[in-house]
Each structure stands twice: as structure tokens, then as C-alpha cells.
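What follows is a set of notes on a single structure, which appears directly below.
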Amino acid sequence: MLARLHPHDLLDHALTEAGPLARELLNVVQDELDAQPQHFPLREAWRKARTHFAANFEGRLIELLQAGRRGEDPLQRQPLQMGGGIDSLSLVDEHQAMQDVAIAHVTRTAEEMSRAELHQIGNFYAALRGIARARERDNPLRPGLYADALHHALAASRLAARDQYELMRVAATPLAKALQRQYAHACKALRDANLSELVAAHGQPQGGPRAHQRHGGPQGTLDGLSRRVDAVNSRPQGLAATPPLDPNAPAPFVRSTGPDMLSRLYDQILADPRLLPPLKALLARLQIAVVRLARSDSSLLRRQDHPTWALLNRVAAHGMAFDRADDERLVDFLRFMEAEAQLLVDAPTPTAFLFQQVLGRVTARIDHQARQSSQRNAGALAALEREHLRNEWRTLLREQIEHQIIGAPLGPRLHRFLQTSWVEVIVNAMVRHGRDSREAQAAVELVDALLDSLTTPRDLADREALRMRLPVLIERLVSGCESIDLPVPKREPALSELMSQHARLLRGLPALDPAEKRIAPPRPGGGAGSAAPASADEIVRRLMEERESQVPSHWLSTDVDRSELPTVPVQLYSEHDSPDARAALKHWIDGLQIGHWFHLFIQGNWHTAQIAWISEGRQYVLFVGRDPDERLSLTRKALEALLSNGLITALEDDSVVQRAVDTLMSDLDGG
């Protein structure tokens with residue numbers, strides 16, 4: 001039957017529609033901006049983008065579709081390593097996160113509008129590839145390609161990050177409607193080729209590692225499950241519980257609450273499709289100790305926070321982060337767990353305390369393994385953390401130098417140079433090399449050396465000694481200016497003034513002419529004795545230096561489609577201006593731990609990555625991917641943005657025990 005529809009037919013049709021789609025978007029987005037008053041501020045940004053929008057969108061889309069036609073993955077994930085930054089370690093800040101949120105929103109809008117059509121198209125390509133279950137990445141027509149082309153077309157216009165984000169939101173629904181027509185045409189082609197039954201039966205909707213989260217669930221508890229089982233078992237024989245939908249399945253928990261419930265619960269844990277075979281084998285070994293513990297600890301089947309379940313969840317969550325059984329880090333972890341599992345199995349009487357001890361060692365092992373992943377970036381990470389202290393150090397040094405130069409015979413240009421440019425030289429040395437580094441101390445000590453050079457010599461010998469010191473002093477000043485790339489025109493006035501003062505000293509005169517009126521340094525609040533009003537350029541420069549860079553952006557409070565991960569309580573996190581939302585965000589950030597694994601949407605794709613380092617102030621977090629060479633640092637604001645939009649979640653939040661409980665609760669409910 002497949003011969004009646006060539007594998008490239010659907011892609012070829014999409015290629016012919018790329019140009020018309022680009023022109024349609026160009027017109028429809030303009031109509032949206034003109035029709036909605038709230039979009040009026042975006043019209044200027046759109047005016048800049050629309051000139052080349054259609055060509056950029058069409059070109060990028062054709063490039064992606066042709067890659068799919070060649071059998072490649074058009075949106076092949078790039079490693080979690082971005083060029084640039086300190087020692088080649090870059091940050092994902094809130095602007096990068098903004099792009100990812102926008103791409104996810106456009107993708108989800110189209111998916112929601114064409115869910116049935118995408119299911120059929122996905123199954124068609126799964127059948128072509130001989131894959132048992134349809135995978136999103138195997139569909140070369142998926143909405144993610146169009147979202148990427150839209151982002152590319154807007155980014156090519158070099159618009160501000162917020163304008164790109166807002167324009168993508170405006171274009172999301174028009175693009176989704178246009179795609180729905182294209183997907184409907186593709187499904188008609190499948191029906192005309194008599195492939196409807198094939199695509200309907202080939203693969204049922206499957207969830208990936210986040211399917212349970214996307215579709216929600218009963219979210220039952222062990223105690224609730226135990227009570228339900230007790231209730232079922234206490235019914236008269238003629239009032240048995242409704243049997244499961246599967247007529248071949250055994251009746252649930254008949255007359256045997258404890259052992260039978262534990263056995264079924266453990267069977268569900270081991271049946272979790274996310275577990276790799278060696279991980280299932282490890283958990284199966286632990287079942288021996290769990291069953292023995294249940295005989296003496298009645299709280300095991302009542303407490304979901306029991307150390308036993310915490311240990312199983314921790315081990316499973318760590319193991320589920322790997323997609324290959326031969327991954328070196330997984331093999332090392334399983335080798336470590338073999339000894340711990342044997343200890344529990346060999347214990348004459350397993351106890352909750354013994355499981356708690358093993359859990360502590362497992363957590364420490366995972367933490368150590370994660371920290372080892374960050375060792376090669378230790379220098380960059382330390383500089384990253386020091387970068388966060390730049391503003392604080394700048395303020396302290398300004399105050400220190402201001403106090404140090406009070407009463408010193410400094411000219412006005414040199415006075416300002418020490419308060420501003422040289423402060424930056426010191427701060428830069430502290431950030432790059434460390435607060436107590438030799439380089440930072442040398443920059444601090446140069447202020448004393450400079451002030452000492454302006455002391456009036458007592459005799460000819462002192463003047464000669466000064467003459468010998470000056471070349472080294474000037475060389476150090478120039479070197480410091482070059483370390484912060486201070487342009488010559490900005491350093492020259494202060495250095496020229498200093499040379500003039502030294503010339504006076506070498507002639508036996510004081511550094512400052514007594515007849516020359518000193519300009520008092522500016523004081524907060526102004527008033528008599530204050531410096532002359534600063535120029536407009538100076539005011540702008542100060543504002544740029546002192547502005548608060550951590551103020552949350554307006555876009556963070558915008559409502560974004562979060563259906564990807566609805567178990568994350570994003571409704572609270574997204575209320576960015578409310579005290580409850582700020583408290584919830586802070587609580588989540590404070591709860592991050594080294595070694596924990598996360599699913600996060602970065603650079604247009606879902607990634608699985610582990611926290612390997614957290615800065616002291618929790619302003620920066622380093623993630624290491626499944627491939628140890630994949631690493632990415634995120635700012636706190638970027639994490640908050642992803643969390644607010646449901647684009648990051650911990651693997652442990654969807655634990656194997658919880659999934660097993662939910663499945664059994666569903667069985668008791670008859671489906």
C-alpha cells in the first residue's frame with residue numbers, strides 16, 4: 001500500500017507551500033498588529049523585520065524540510081556547550097530563555113490545534129522507518145520546524161529579545177491555523193492512498209519520559225492506596241470491586257492487603273518502561289530486602305516518605321537519566337550500588353534506619369560523581385561566581401579609594417580616574433584571578449605607590465629616586481588600563497595630568513600649584529562645595545554602570561502554554577509579581593541540589609542534564625548532560641523563566657513509586 005504514496009510526497013507538498021506560507025504569515029501578522037491595540041508598540045519592530053521576513057522564513061524552512069527529505073533530523077540537538085564566555089563557558093541568561101519559551105509556545109500552539117492530524121502523520125513516518133512506536137523527532141513535518149523557521153526569520157532582523165518574543169507570540173496562532181490546513185491536506189493524501197487503517201493502528205499515542213507529567217494522573221498516595229485496598233477487601237463477597245477493564249487481568253488485591261499489595265506495587269515499579277534493564281535488575285535484587293522489611297515495619301505500605309521508597313526513587317531517578325546501559329557513569333554507579341544492595345540483602349533484619357544510611361551514601365556518591373564532572377571547568381566556574389560579586393566589589397572599592405585619596409594632591413582628572421577606571425582595573429583583576437590574587441593585590445597597592453609619588457621630594461636625592469621609579473609606575477598604570485581595554489583617549493587626560501605633576505615635583509615644586517583651586521569631589525545630595533554638574537554623557541555612563549541588572553523583565557509574567565509539564569505548579573510560579581510566586585520561586589531555587597537530574601527545554605530542544613555546580617549565592621547553576629562534554633550554565637533568572645513556563649522539571653518529581661501507586665489506584669477504579 002505504501003507504494004501508492006511516495007515517502008517524499010508529503011514533504012514535497014510542504015516545500016511547495018513554504019513560499020505561500022511565508023507570505024501568508026507576513027500579511028496575517030501585520031493584520032494582527034493593526035487590529036489589536038495591545039500590539040501597537042510592536043509595529044515599529046515588525047516594520048524592521050518584515051522587509052526580509054518572508055525570504056528568511058522560507059529559506060530556513062526549505063533548509064529544514066530538505067534535511068528531512070534526506071532522512072536527517074532537521075532539528076538535531078546540539079551539545080549543551082555554547083561558545084564564548086569566561087574560559088569558553090557561556091551562560092544561558094533570561095534572554096536566551098525567552099527565545100526557548102517562545103519556540104516552545106509556538107510549537108505547543110500548533111500541536112494542540114492539530115493533535116489528531118500529527119498523530120496520523122507521525123505514525124506514517126514511523127511505519128516507513130519500521131519503528132514500532134511513533135517518535136516526535138521522526139516526523140519531518142512537525143511544528144517544531146516551523147517554530148524554528150519563525151524564530152530564525154525574526155532573529156535575522158536583530159530585533160530586541162523582548163520584541164522577538166512578543167512577535168512570536170503574535171504569530172503563533174496564525175501559524176498554527178495555517179499548519180492545520182497543511183496537516184489536513186497530508187491526512188487526506190493518506191486516506192486517498194488507503195493508508196488510514198495503517199496509520200491508525202501502527203502506533204498508539206506514546207509518551208516520552210514526560211508523558212506521565214503531560215497527561216497528569218491520579219496522584220494517589222500509598223496510604224490512600226492501602227485504605228482503598230482495605231475497603232475492597234472488607235466488602236461482602238457479592239459486592240466485589242469492579243474488575244479491571246482487561247478481562248484477563250486478575251482481580252486486584254483480593255483478601256491479601258500486605259504481601260499482595262507490595263508484590264503488585266513492586267511489579268509496577270519494575271514494569272516502568274523508563275528503566276534500563278541493568279537498573280531493573282538492581283531494583284529486583286533490592287526487592288528481597290524490601291519484602292523482609294515489610295514483615296516487621298507496618299509503616300512501609302502507609303508512608304510514601306519512608307526511607308525505602310526514597311532510596312528506590314533516588315536510585316531510579318539517577319539511572320533514568322541515562323539512555324544507554326553502557327554509559328560509563330551509569331556502569332560506575334551500578335557497580336557501587338551492587339555492594340550497597342548486597343549489604344541490605346545480607347542484613348539479618350533490615351530496618352528503615354539501614355535503608356536511610358544507604359540512601360545517605362547513595363546521595364553522597366551521586367553528589368561526588370556530579371562534582372567530578374565540573375572539575376575541568378573549576379577555573380571558569382570560580383570566575384563565574386566572582387562575576388556575580390562584581391557590583392558589590394566595585395562599590396566597596398570606590399568607598400575605599402575615596403577615603404584613601406582624601407587630602408591627596410591629585411588633579412581633578414587623576415582624581416576621577418582613580419575613582420572610576422582604576423576601580424574597574426582592580427575589580428577586573430579580582431574577578432579574573434581571585435579577590436586575594438597577586439594581580440588584584442598589585443592593582444590595589446599601585447594606588448599607594450601613585451599617592452607616594454606625589455609627595456614633594458625633600459632634596460635632590462629624593463627627586464632622583466622619584467625619577468627612577470616613575471617609568472615602572474607609568475608602565476603599571478598603562479598595563480592596568482589595557483587589562484580593561486580602556487581606550488587611549490579616556491586614559492590620556494589623567495596620565496598627562498599625572499606627568500605634569502611629576503614634572504613639577506622633579507623641579508622641586510609641589511605637585512599642585514597652591515594658587516590652583518582644588519575641585520572638591522562630588523558628594524551625595526549636592527549643595528555647596530559639590531562638583532560642577534556632570535555632562536549628559538557622564539550621567540548616562542553612570543546610569544549604565546549602576547543600573548540594576550537583576551530586575552525581572554515584563555515578559556516573565558506573560559501567560560505561556562505550559563501543557564508540556566503540567567505537574568509543575570507553574571500557575572503559581574508564573575504569577576511573577578505576587579509575593580506567593582516570588583516565595584515559591586525562591587523555595588524552588590533554594591531546593592536545588594548537586595547531583596539531581598532535570599528535563600529542561602534549552603536551545604529549542606528538550607535535554608536531560610544533571611546539576612554539577614551551584615554558585616554560593618545561587619545565581620548560577622552548571623548543568624552537565626548525558627554526554628559529559630555537554631555542559632551549560634544558567635543564570636537564576638533563566639531558571640526562573642523556564643520554571644514559570646513549565647520548561648524544566650526534576651526527574652525525581654515523577655518518581656517510579658508514585659507512578660506505580662497511580663497505576664494501581666487506576667486499576668482499583670476499574671480503568
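Keep in mind that what you see is a predicted model, and the values were worked out from it rather than measured.
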Note to self: Using 30° and 60° as the class boundaries, would you call the ring planes of Phe417 and Trp422 parallel, tilted or perpendicular?
What the structure shows: tilted
Next item on the list: Kindly indicate, with the supporting measurements, whether the criterion salt bridge (charged side-chain N to carboxylate O under 4.0 Å, His left out) is fulfilled by Asp452 and Arg469.
Entry: CA-CA 11 Å; Asp452 184 60; Arg469 298 202 310 271; 3.6 Å; yes
Notebook entry, point to check: Are more than 12 heavy atoms from other residues, nucleotides or ligands located less than 6.0 Å from atom CZ of Arg463?
Noted result: yes
Margin query: Holding to side-chain hydrogen bond (donor to acceptor under 3.5 Å, both in side chains), I want the full list of residues that pass it with Asp100, two or more places apart in sequence or in another chain.
Written below: Gln96
Notebook entry, point to check: Is there a side chain to side chain contact (heavy atoms under 4.5 Å, CB included) between Ile366 and Gln610 once you walk through the steps?
Noted result: CA-CA 10 Å; Ile366 294 174; Gln610 182 185 35; 3.7 Å; yes
Note to self: I'd like to know whether Thr456 forms a side chain to side chain contact (heavy atoms under 4.5 Å, CB included) with Leu505, so could you lay out the CA-CA distance, the side-chain angles of the two residues, the decisive distance to 0.1 Å, and finally the verdict.
What the structure shows: CA-CA 6 Å; Thr456 305; Leu505 292 168; 4.1 Å; yes
Next item on the list: Test Leu410 against every option in Leu451, Leu498, Leu512 by the side chain to side chain contact (heavy atoms under 4.5 Å, CB included) rule and name the one that passes.
Entry: Leu451
Checklist line | Identified side chain to side chain contact (heavy atoms under 4.5 Å, CB included) counterpart of Trp46 within the set Asp34, Asp163, Val29 | finding: Val29
Note to self: More than 12 heavy atoms of other residues, nucleotides or ligands under 6.0 Å from CD of Gln38: yes or no?
What the structure shows: yes
Notebook entry, point to check: Would you call Glu402 and Arg398 a salt bridge, taking side-chain N to carboxylate O under 4.0 Å as the test?
Noted result: no
Check: Any side-chain donor-acceptor pair under 3.5 Å between Gln593 and Asp367?
Finding: no
Margin query: If I take atom CD from residue Glu166 and atom CG from residue Leu42, how far apart are they, to the nearest 0.5 angstrom?
Written below: 6.0 Å
Margin query: Closer than 3.5 angstrom, by distance alone: can the side chain of Glu497 be matched with the main-chain N or O of Leu414 as a donor-acceptor pair?
Written below: yes
Item checked: Closest approach of Gly411 to Gln501 (non-hydrogen atoms, all atoms of both residues) -> N-OE1, 3.7 Å
Note to self: Under a 3.5 Å cutoff, is there a donor and acceptor pairing between the side chains of His151 and Gln99?
What the structure shows: yes
